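I have placed the structure first, in the form of structure tokens, so that the comments after it can refer back to it.
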Number of protein chains: 2
Amino acid sequence: MNFPKRKQKIIEQLNQRGEVDIKQLATELDISEITIRRDLNQLAVDGLLYRTHGGATKVNPLERPHSFVNKSAQNAGVKDAICRLAAAQINDGDIIFMDCGSTVFRLCQFIKNKKIKVITNSLPVIYELQDCAVSVNIIGGELDKERQAVHGTTAIEHINKYRAIKAFLGIDGISEAGLFANSEHEASITSSFAANSAYTYILCDATKIGKETYLNFAGLNLISAIITNGDEDSLLFLKRNGVTVLSTKR
Amino acid sequence: MNFPKRKQKIIEQLNQRGEVDIKQLATELDISEITIRRDLNQLAVDGLLYRTHGGATKVNPLERPHSFVNKSAQNAGVKDAICRLAAAQINDGDIIFMDCGSTVFRLCQFIKNKKIKVITNSLPVIYELQDCAVSVNIIGGELDKERQAVHGTTAIEHINKYRAIKAFLGIDGISEAGLFANSEHEASITSSFAANSAYTYILCDATKIGKETYLNFAGLNLISAIITNGDEDSLLFLKRNGVTVLSTKR
DNA sequence: TTGATAATGATTATTTTTGAACGAATTAAA
DNA sequence: TTTAATTCGTTCAAAAATAATCATTATCAA
């Protein structure tokens, strides 16, 4: 029973019970109390727990931020169909923006073998494109851990330095009034991407069509096209406003 | 029973049990303990496992969705000792730079519970600090997939916008002539970090001391302190040049 | 075969880890 | 406040693991 093994067990116990007791650990791990004491001291120095008399407690009950993978798995079939359509719009040599939506994320799998440059603020996209031919440019700035993406004024400035052919963006809602987002941060990033690309594609499933939520940050003239699974009728207002509609239902 | 064969068996055992024991391997493979030790050391250098006293453990006991190349398994013990010393220099409220070296990466585990801001160009660092209290700022620019870090002129510009209290940097070599790097990219990033922080710490193991390799990109006056496991004698030239020396050997 | 090179094993000194003892410090109880 | 009981850290010693050195064996090419 070496230190790494003990360390693992101790952290495990700590996560289960919230606190540990030296005597109890000593008997359970079948090791002397002084060694446990030394272990706990070391782990306390490393900031992995708080030392107390006779034991230790958890340092910070921070629960893992929402799993991005799970969210992106919702409606996977629909999203994949949308992304296949989107990928068909991308040619070798293109420079494209990708934002941090869960739908846009699923576009990654369809572009891995294309010879393109991707500029993105989304960590999952970056990770996903790591071991493939795609050249990646990362938007710098503050990391929003909740959204696993970069945002803030530095990010906006960074985006404004680049020009892309196409932008692939997510959205929280879209109606005749324009585009809707659930936060200022998202809205400003989306606007910047759109402003610096020749063509702007919105990727969204049918639930977002006609939905008006929180912040109405731009009109429909910001975008060139929408790629969705919505049906003809619900998309009429987009066509009327000069937005190209690509639907997985035909 | 040659090395590739043994290597296969060892990795196999490791995946089954999570850890291996030298004595046990020696009897099972019917080979001397010293040879097993040599094998394990080699595999640790290759980043395939972590060496422990009496055996080895898997590199990443907690399953991660994305794995990064793990050069940091090499000399893990030495690097951890260096990083503990480094972590002791960091106070709550600090804003720090971290670059993309394998030693600097191991600093992550010791700062997870500190209330600090980290500005970095290293993807592994970003990933490692994702589920903790540390606030992260990502340097933007082109992604170097080889080094899993951001570089380029945009990155330099980005760094120049920020000011940090302390910079923790790796290096490929250091001698009386100054600092050495294996690439222009690395050198320019390191220089920028140093130029924009009040204190600059170099984290390096003893093998880098006195080593002159490829590009001599800066003098010793660039840095404030060095944190290393080198011995007194080999570090004298640093003290003579006004560099504070923090050594794990005392 | 012969010589050179690499891999393996044995020996020994050094380092690391662990446990025990005991006085000091801390907490809890009277 | 005083006393008793833990718990803690330091020191020391033993055991285990390791690194360093040298000897032996195996491998391979000429």
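Computed from a predicted structure; not experimentally measured. Every chain is numbered from 1 and lettered A, B, ... according to where its sequence line falls, protein lines coming before strand lines.
Evaluation of the side chain to side chain donor-acceptor pair (under 3.5 Å) rule for B:Glu212 yields B:Ser175 as partners, not counting sequence neighbours. Residues meeting the side chain to side chain donor-acceptor pair (under 3.5 Å) test with B:Thr52, sequence neighbours left out: A:Asn2. In terms of the side chain to side chain donor-acceptor pair (under 3.5 Å) criterion, residue partners of B:Thr207 (sequence neighbours excluded) are, by chain and number, B:Asp205. Applying the salt bridge (Lys or Arg N to Asp or Glu O under 4.0 Å) test to B:Glu12 and every residue at least two apart in sequence or in another chain returns nothing. Residues passing the side chain to side chain contact (heavy atoms under 4.5 Å, CB included) test with B:Ile156 are B:Asn160, B:Ser188, B:Ile189, B:Ser192, sequence neighbours excluded. Residues passing the side chain to side chain donor-acceptor pair (under 3.5 Å) test with A:Thr154 are B:Tyr162, sequence neighbours excluded.
Contacts classified as ring pair (Phe, Tyr, Trp, His ring centres under 6.0 Å) and involving residues 136-155 of chain A (residues at least two apart or in different chains) are given here: A:His151-A:His185. Pairs engaging residues 29-43 of chain B under the salt bridge (charged side-chain N to carboxylate O under 4.0 Å, His left out) rule: B:Arg6-B:Asp39 [sequence neighbours left out]. For residues 204-243 of chain B, there are no ring pair (Phe, Tyr, Trp, His ring centres under 6.0 Å) pairs, not counting sequence neighbours.
Using a 4.0 Å cutoff to heavy atoms of chain A, the contacted part of DNA chain C runs 5' to 3' from C:dT18 to C:dT27. Protein chain A contacts DNA chain D from D:dT7 to D:dT10, reading 5' to 3' and using non-hydrogen atoms of the protein with a distance under 4.0 Å.
No contact: A:Asp21 has no heavy atom under 4.0 Å from any strand.
Taking the charged nitrogens against the carboxylate oxygens, B:Lys58 and B:Glu19 have no contact shorter than 4.0 Å, which rules out a salt bridge.
Each of A:Arg38 and A:Ile22 lies near DNA chain D, and the nucleotide nearest A:Ile22 is the one positioned closer to the 5' end. Positionally, the nearest nucleotide of DNA chain C for B:Asn2 lies more toward the 5' end than for the other of B:Asn2 and B:His53.
The overall bend of the helix from C:dT1-D:dA30 to C:dA30-D:dT1, read as the angle between its terminal helix axes built from five base pairs each, is 30° when rounded to 10 degrees.
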